[in-house]
Amino acid sequence: MVNFGESLKEARQEEWRYAYLSYESLKEQLELIIAAAADEANKGKVDKIRPLKIMFERHLESEIVKILEFYSVMLESVRAEEKECSRVQEEIMPKIHQDSELSTELRLALIESQRAQWRGLANAAVSLLEYISLNMQALRKIVKKHSKNVEPLLPSKDIGATRVIEILHPDEPGQKLIQATFLSDDYIELLTKMQHHHELQNICSSIRESLEELQYRASQIDGSTPVSISGDASETSSLERRPSLLGAEVGRRSGGQMRRSRSLVVWKKSMGNIQEYEPVLIKLEEAAASAQRNASLVSVPDDWFSNQAAIFTAPPKDEEAVATKLGLFMNFLSAFLYMANYNLVIPFIRPLSEKIGVSESFGGIMVGAADISAMIAAVFYSVWSNHSFRQPMVFTAVTLIVSNAMYSIAYDWGGLPLLMTARLITGFGAARSLNRRYIADFVKKEKRSLASAAFVGASSLGMALGPFLAIPVDAVKETTVLGLTINNVTTAGWVMCLAWVVFLIVTIVFFAEPPRKDFGLSKKSTAEEPAASIEQLGGSKFLDGELEGKNDQIEEKPRFNFWKDPSFHPTMVMVVLLFMLKLEQQGAVSSVPIFTEEYGWGESRVGFFLAIMGIVVIPVNIMMGAMSKYVRDHVQCLLALVVCTLGSLLIVVPNVNAVKIVTWRYFTGFIMIYVATVVMEGAAMSLMSKVIAPEMAVGTFNAGLLATDSGSFGRFIGNLGMTLIGRAVGIGEGAPRQQSERRTTFGNISYGTYAFVSFGTALLVVLSYKKLKRAS
């Protein structure tokens, strides 16, 4: 059997032999590491082997840099040739069609000459696609060989590597290998561009279209057109767009857009496959498929914590990274206090319901009212952050001071209307999109992971603090001050009110507006930059003088249409996933007081249990961040959905005819659902960062906002469902035995619904498996 090194030599372009990955050289260096690791004297001595691993990785990355720079130069050459072919064709086609002095033979000769130019370009594109495919195979093979024989080098600050190259198994979707990388951000960006090679795909699309048009014109001239066609070259229409391996869309051109007659579309339908007339297109299609397949197996994944925090934008330049320690702390504190405020009411649903004279099930609406306004607030803060950060921070503090005061006063005055108003106002204090924007716009690349992790951690601790307050305030003896009741329920609201007063004072006195020029416009301008700049094409080292005077040839990019973009389907699957997990998670959390009443739990016990669940989020997130290196995101989502389904059925199935839900089954099922939804959220956010179109990562209405609002809407529906089901079964009504039966019925309907929703979402993920697999 021929080894891969020999296969690489046979398949490569001989004139490019020095530009390919030096597989044999890397293999020899790897054999030295294997021999050193096998040496008895070095067993257990990490310090002896690690320098050799680092040397191997440095060598590997010098090879990757060589490949990327060569690819950039050759891509620019192919791009220039495609533009020249397009220019010539645009010049000669009107002459061929309109100049009556040209003989038929001369017209056909001109067309054949132009076809020869496009065929030559097609062969050059085939060579470049094969170059991508072979090098990606070589990279995958050498990393696989390294991981098979030596423990991979993992990223750490002490060796200066914080990112990893991720290699996926071509046949076993759940398996992947990782290797630390020292590549700079610029080269990682180039590697990602080469992996996707959209520009080259569009050039291939241009070649196909042009050869189709030339074949059509030749058919018109020699009379071989099989259908009657009318019209001239002045009639123009875009070709029907369709997916193709030879371009993101047939009809999208990287060079000049060619004028095409509507009759060409009719001719294409009658003539069949252009590959019958141009065999070179078969080679081009096969090379494109091979490059896409092999390149999809190699990637440098994004930062886990940034994705989980719904931060999908590129980090700012160093001169724009002006985040201060106080600024970050205040944004983390804002997220922490808001999540505490959101969950504050849950342990007190029972006494609040009794006081204002409504069913316990109405607690779902009490909690969920904040979600309605939070969805509006997400857009509101996203727009406001284009102009200021300090002003919305002050606004959110004032809003939550007012809402907490109203919440506490509603216990005595105003009742349900004032309480619901207070919860609606609470949602307007949800400045999480503002907090994310501060991290995204002003934190350096090397610190973003830490900042994102701190944001996620602050939110999780806030989720724990809200219910935890039920424990210390439980010791408050009920009294009256100025006609207002002071007890455990109202004290929690006044404590949060005081916390926001302190936050407001610190914000006004110490928080400084970030000093950025053209406030809020930097991300927009980034989205409007041309697809490739000189730096992105390999730097001035290779391109000095080659791109001078060509800026005027850069064409305006087609307007982005999310609904028609290929990323739409997988992105919407992730939106459904985020909606579903928040629906189940919030519905389960908000209904805890209803179920635990069966076991004699008071407010402090409920608060303690929910606080523990909130704290559990942090280690689970850390664990999932580590597991993301080994288990692909779509697999994590699918497994989490299975656990959600099983957890729901554990609560429902054994209790169809029972009077009381068995304690261990309820808590085991609840914990399974809660942990699974936490895992699912992290994996779904990571996967969403990979499937969204680049245009959806920037601007006001971006993927982060989409993720935030889908989660908020899921919470609202979860809370609303709890109230509707509770009202339907009569929660809180009747004798004790009847109440137990109704709680059981409530649990069966609620968790039966969650099982159905989880199973349905799992089916959706399975149906979208191929698209999600390619992305993750």
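- A salt bridge links R119 with E112: the distance from a Lys NZ or Arg NE/NH1/NH2 to an Asp or Glu carboxylate oxygen falls below 4.0 Å.
- Comment: E199 does not engage K193 in a salt bridge, judged by the lack of any side-chain N to carboxylate O separation of less than 4.0 angstrom.
- Contact annotation: the side chain of V143 approaches that of L60 to within less than 4.5 Å [non-hydrogen atoms, C-beta and beyond].
- The two residues E285 and R208 make their nearest non-hydrogen contact at OE1-NH1, 4.2 Å.
- Electrostatic pairing of R17 and E14 counts as a salt bridge here, judged by a charged N lying under 4.0 Å from a carboxylate O.
- Taking the charged nitrogens against the carboxylate oxygens, E57 and K53 have no contact shorter than 4.0 Å, which rules out a salt bridge.
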Derivation and outcome, side chain to side chain contact (heavy atoms under 4.5 Å, CB included), residues Q201 and Q292: CA-CA 10 Å; Q201 287 179 336; Q292 181 174 324; 4.0 Å; yes
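- In this structure, E91 CD and Q89 CD are separated by 11.0 Å, a value rounded to the nearest 0.5 Å.
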Stepwise side chain to side chain contact (heavy atoms under 4.5 Å, CB included) check, Y187 with L191: CA-CA 6 Å; Y187 282 117; L191 179 60; over 6 Å; no
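- Residue L200 holds its CG atom at 4.5 Å from CG of L129, rounded to the nearest 0.5 Å.
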Candidate pair I203 and L75, rule side chain to side chain contact (heavy atoms under 4.5 Å, CB included), full reasoning: CA-CA 10 Å; I203 290 171; L75 177 63; 4.3 Å; yes
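- For E24, the salt bridge (Lys or Arg N to Asp or Glu O under 4.0 Å) test picks out no residue, with sequence neighbours left out.
- When all heavy atoms of M136 and N294 are compared, the pair lying nearest together is CB-O, 3.8 Å.
- With sequence neighbours excluded, no residue satisfies salt bridge (Lys or Arg N to Asp or Glu O under 4.0 Å) with E28.
- The minimum heavy-atom distance between Q215 and R115, with the atom names listed, is OE1-NH2, 2.7 Å.
- Nearest approach of V78 to A124, heavy atoms of both residues: CG2-CB, 4.4 Å.
- E278 and W118 share no side-chain donor-acceptor pair at under 3.5 Å.
- Counting heavy atoms from C-beta outward, V88 and Q117 have side chains that stay 4.5 Å or more apart.
- In terms of heavy atoms, L110 sits closest to L102 at CD1-CD1, 4.4 Å.
- Residue A287 comes nearest to E130 through the heavy atom pair CB-CG, 4.3 Å, listed as atom of the first residue, atom of the second, then distance.
- Here the CG-CD distance, from L134 to Q137, works out to 6.0 Å after rounding to the nearest 0.5 Å.
- The pair E63-K66 meets the salt-bridge criterion, with a side-chain N (NZ, NE, NH1 or NH2) lying under 4.0 Å from an Asp/Glu carboxylate O.
- Between the CE atom in M74 and the CZ atom in R79 there is a gap of 12.5 Å [rounded to 0.5 Å].
- Proximity of L128 to H197: side-chain heavy atoms (C-beta onward) are nowhere separated by under 4.5 Å.
- Note that CG of L297 and CG of L139 are 10.5 Å apart. Values are rounded to the nearest 0.5 Å.
- Partner F70 forms a ring-ring contact (aromatic ring centres under 6.0 Å, His included) with one of Y20, Y18, W16 and no other, that one being W16.
- Between the S290 side chain and the E286 main chain, no donor and acceptor come within less than 3.5 Å of each other.
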From CA spacing to verdict: side chain to side chain contact (heavy atoms under 4.5 Å, CB included), Q195, V298: CA-CA 7 Å; Q195 179 196 8; V298 179; 5.7 Å; no
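- The OG atom of S86 sits 9.5 Å away from the NZ atom of K83 when rounded to the nearest 0.5 Å.
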